[in-house]
Amino acid sequence: MATTVVAFGALFIGLALLMLGNGLQGSLLGVRASQEDFGSGVIGLIMAAFFTGFLLGSVWAPHALRRVGYVRVFAALAAVASVAILVQELFVVPLAWGLMRFVTGLCFAGIFVVSESWLNNRATNLTRGRLLAIYMVVMYLGQGGGQLLLNVADPSQADLFILSSILISVAVVPLLLSATPAPEVSFARRMSVRRLFRISPFGAGGVFVAGLINGTIMGMGAVYAHDAGLSVARIALFMGALICGGGLLQWPLGRFSDRVDRRLVILGVAFTGAAWALLADRAIGWTTPWMLGAIGLFGGLAFALHSLNLAHTNDCLEPAEMLGASSSLVLLLGVGSVIGPLAVGAVMSQVGAAGFFWWLATVQVVFGIFSLGCVRYFATRASVEPSQYVAVPVQTSSVGSAAIEDVYATQECEAAEASGAPEDGDSGADTPDAARRETPAQDDGSQSGA
């Protein structure tokens with residue numbers, strides 16, 4: 001394992017630098033836009049543009065990889081992302097910022113496609129779970145550490161824009177100099193969103209809600225902190241605590257959900273997160289250590305919903321269905337991430353900064369009520385052997401997610417095909433759920449909740 005981690009050292013260093021630059025510019029743009037009096041509604045539109053570009057980039061990037069290859073796609077997208085943040089300093093107007101945020105989202109989606117496919121191609125069944133854990137830690141700590149870079153210079157000046165551009169540009173170097181062979185991209189047939197909701201309304205709805213929450217926090221968290229009167233230093237700490245808390249609490253919650261009914265864990269996280277959101281709004285006025293503790297705990301609860309609902313959805317899928325379902329799950333997450341900043345921006349423009357946490361609390365309460373209805377009125381098509389929880393960063397590509405699930409599900413798919421199990425899109429679509437429930441999932445314990 002140590003040898004494998006060393007072999008991926010260049011990849012992890014590059015990803016850490018990328019996430020430092022990405023984390024910095026997300027909060028930097030929120031603070032600067034507030035200083036420029038763009039208005040919460042307009043800022044919500046600008047931040048939603050990133051997730052729109054990210055969603056479309058996840059679809060577009062695999063086709064670009066087929067035509068020109070991994071190294072060229074990665075280098076080109078990193079160069080464009082590096083330029084985009086500089087353009088935002090040159091043209092401080094909402095339209096230019098919205099266009100550049102769209103471009104940045106598209107570029108980062110392609111970069112993650114390359115990075116994650118590279119990681120999954122070179123990992124083995126024995127090392128994959130631990131490598132994904134390291135990947136998650138690198139992503140969250142890089143994103144959270146980027147928030148602290150707000151303290152390096154004044155957001156109203158060009159310095160931080162230049163620093164973000166430098167970090168993204170330098171991140172290319174370790175990956176381009178890596179001797180790791182470029183992998184091939186495989187494509188799977190999609191499972192429709194409609195069918196996914198029929199199989200697991202609880203999990204599919206939860207992934208959409210996770211998108212709403214993630215988009216709200218990542219897009220508008222710094223705007224809220226600025227409007228609430230925090231200094232730049234405390235804004236950096238506020239965002240860092242939110243994101244790092246999301247990384248730290250995923251594992252204990254996820255492991256607990258492997259041992260009990262995962263739906264009960266998700267319900268508990270949703271309702272506790274809603275209550276804690278109201279407390280977090282008041283924690284802004286507390287002393288720094290208490291504020292960071294309260295905000296970090298809320299971030300841990302909020303970000304955990306993504307991986308928990310992915311794991312529950314995979315609990316309800318046959319092994320051969322997981323790969324086809326991954327793109328629809330990413331679509332739900334992406335749509336939610338686009339809607340989140342738009343909705344909270346409109347709320348904050350009407351009721352002020354407090355609308356940020358009130359919106360997050362409302363979303364989680366509504367999801368909790370919806371989930372209770374699912375538990376009560378919808379049968380669960382659960383596997384005899386539940387899937388294993390794996391924490392997944394909130395920003396990941398559809399191809400990366402598919403690659404993760406593909407490797408975990410390969411042996412199960414082969415076994416299912418050997419036993420005559422129908423594939424998604426064939427006769428399996430017409431097989432009654434009750435009959436399918438009677439066929440145990442062929443699970444060796446290695447499949448992933450991702």
Side-chain angles (χ1 to χ4, degrees), residues 15 18-19 21-30 32-33 38 42-65 68 73-91 93-117 139 143 146 161 164-165 167-169 171-172 208 210-212 214-223 306 327-345 393-402:
L15 285 173
L18 280 169
M19 296 313 295
N22 186 39
L24 169 60
Q25 67 176 261
S27 294
L28 169 62
L29 293 174
R32 181 67 178 272
F38 282 0
V42 174
I43 298 173
L45 285 169
I46 293 171
M47 297 306 175
F50 175 88
F51 297 103
T52 304
F54 196 95
L55 182 60
L56 295 180
S58 296
V59 177
W60 166 83
H63 303 287
L65 293 178
V68 300
V73 170
F74 186 93
L77 293 179
V80 173
S82 179
V83 170
I85 186 65
L86 297 178
V87 172
Q88 289 171 291
E89 167 58 24
L90 292 175
F91 303 98
V93 293
L95 179 59
W97 279 33
L99 290 174
M100 290 302 100
R101 285 304 282 168
F102 174 85
V103 170
T104 301
L106 189 147
C107 290
F108 270 93
I111 289 170
F112 291 150
V113 166
V114 174
S115 302
E116 294 169 15
S117 297
M139 295 285 281
Q143 187 89 358
F161 291 84
S164 177
S165 177
L167 289 169
I168 295 171
S169 298
V172 180
F208 172 75
L212 289 175
N214 297 339
T216 297
I217 292 174
M218 303 301 291
M220 298 294 287
V223 177
H306 177 212
S327 58
S328 292
L329 288 168
V330 172
L331 176 64
L332 288 170
L333 182 74
V335 171
S337 297
V338 172
I339 295 174
L342 295 175
V344 76
V394 295
Q395 291 185 1
T396 187
S397 67
S398 59
V399 171
S401 297

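What you are looking at is a predicted structure, and each value in this text was computed from that prediction instead of being measured.
Contact annotation: the side chain of Ile339 approaches that of Val335 to within less than 4.5 Å [non-hydrogen atoms, C-beta and beyond]. Contact of the Val73 side chain with the Leu77 side chain is registered, since non-hydrogen atoms from C-beta on lie closer than 4.5 Å. The closest side-chain heavy-atom distance from Asn22 to Met19 is below 4.5 Å. Counting only heavy atoms from C-beta outward, the side chains of Phe50 and Met218 never approach each other to under 4.5 Å. Residues Phe54 and Ser337 have side chains not in contact (no heavy-atom distance under 4.5 Å, counting atoms from C-beta outward).
Listed by first and then second residue, the side chain to side chain donor-acceptor pair (under 3.5 Å) pairs that reach into residues 74-83 are Ser82-Ser165, Ser82-Ser169, sequence neighbours excluded. Pairs passing the side chain to side chain donor-acceptor pair (under 3.5 Å) check and including a residue from residues 100-112, sequence neighbours excluded, read Gln25-Arg101.
Partners of Phe102 by ring pair (Phe, Tyr, Trp, His ring centres under 6.0 Å), not counting sequence neighbours: none found. Take Leu342 and apply the side chain to side chain contact (heavy atoms under 4.5 Å, CB included) test, not counting sequence neighbours, and it matches Leu45, Ala48, Val338. Every residue meeting the side chain to side chain contact (heavy atoms under 4.5 Å, CB included) condition with Val80, not counting sequence neighbours, appears here in chain and number order: Val103, Cys107. Partners of Thr216 under the side-chain hydrogen bond (donor to acceptor under 3.5 Å, both in side chains) rule, at least two apart in sequence or in another chain, are Trp359.
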Test log, rule side-chain contact (heavy atoms from CB on, under 4.5 Å), inputs Leu18 and Leu167: CA-CA 6 Å; Leu18 280 169; Leu167 289 169; over 6 Å; no

Steps toward side-chain contact (heavy atoms from CB on, under 4.5 Å) verdict (Leu29, Ile43): CA-CA 9 Å; Leu29 293 174; Ile43 298 173; over 6 Å; no

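Put simply, the side chain of Trp97 gets close to the backbone of Phe91: a donor and an acceptor are under 3.5 Å apart. Although no hydrogens or angles enter the test, the distance criterion places a donor-acceptor pair under 3.5 Å between the side chain of Asn214 and the main chain of Ala210.
Closest approach of Met47 and Pro341 over heavy atoms only: CB-CB, 4.1 Å. Ala78 and Val172 get closest at one heavy-atom pair: CB-CG2, 3.1 Å.
Here the CG atom belonging to Leu95 is positioned 5.0 Å from the CG atom belonging to Leu99, to the nearest 0.5 angstrom. One finds the CG atom of Leu212 at 9.5 Å from the CG atom of Leu333 (value rounded to the nearest 0.5 Å). Separating the CZ atom in Phe74 from the CD1 atom in Ile111 is a distance of 5.5 Å, to the nearest 0.5 Å. From Ser164, atom OG reaches atom CD of Gln88 across 9.0 Å, with rounding to the nearest 0.5 Å.
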